[in-house]
Amino acid sequence: MAGAVTAVPAPRRGQVARHEPAEGLRAHSAALLRQAERLRAGAAAPDWKGPQAEAFRRRVEALAERCATAAAGLTRSAEQLDTAVRPR
């Protein structure tokens with residue numbers, strides 16, 4: 001888990017230009033959700049017991065929750081962009 005970086009996919013070529021920002025936000029959101037799951041899995045994997053282990057797991061869970069919260073915000077922003085650019 002140390003040093004691992006999650007790549008954020010680039011927008012696909014050929015998309016309608018007005019949807020690219022929303023798609024980018026969705027891609028970042030998905031990457032953050034994957035990272036949150038990796039953090040949770042990594043924190044649960046070690047066979048480490050004791051108060052320091054529990055403190056570590058709580059900190060990692062808090063970080064994973066921050067990733068998930070940010071992902072939800074990006075998804076909401078993408079939805080707002082979609083709504084703003086739809087022809088009337």
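Heavy-atom basis, side chains included; hydrogens, waters and symmetry copies ignored. Note that the structure is predicted; figures quoted are calculated from it, not measured.
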Side-chain donor-acceptor pairs of residues 48-56 under 3.5 Å, sequence neighbours excluded:
residue	atom	partner	partner atom	Å
Lys49	NZ	Asp47	OD1	3.3
Glu54	OE2	Arg57	NH1	3.2

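- Interatomic distance, Arg34 CZ to Cys67 SG, rounded to the nearest 0.5 Å: 12.0 Å.
- A pairwise comparison of heavy atoms in Leu25 and Leu74 identifies CD2-CD2, 3.5 Å as the closest pair.
- For Ala71, the side chain to side chain contact (heavy atoms under 4.5 Å, CB included) test picks out Ser29, Leu32, Leu33, with sequence neighbours left out.
- The stretch residues 65-76 participates, sequence neighbours left out, in these salt bridge (Lys or Arg N to Asp or Glu O under 4.0 Å) pairs: Arg40-Glu65.
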| Check against salt bridge (charged side-chain N to carboxylate O under 4.0 Å, His left out), Arg58 and Glu61 | CA-CA 5 Å; Arg58 280 192 303 272; Glu61 177 56 36; over 6 Å; no
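- Counting all heavy atoms, side chain and backbone alike, Ala22 lies closest to Ala78 at O-CB, 3.6 Å.
- Using a 4.0 Å cut-off between a side-chain N of Lys or Arg and a carboxylate O of Asp or Glu, Glu23 and Arg26 qualify as a salt bridge.
- Ala36 approaches Ala64 most closely through the heavy-atom pair CB-O, 3.5 Å.
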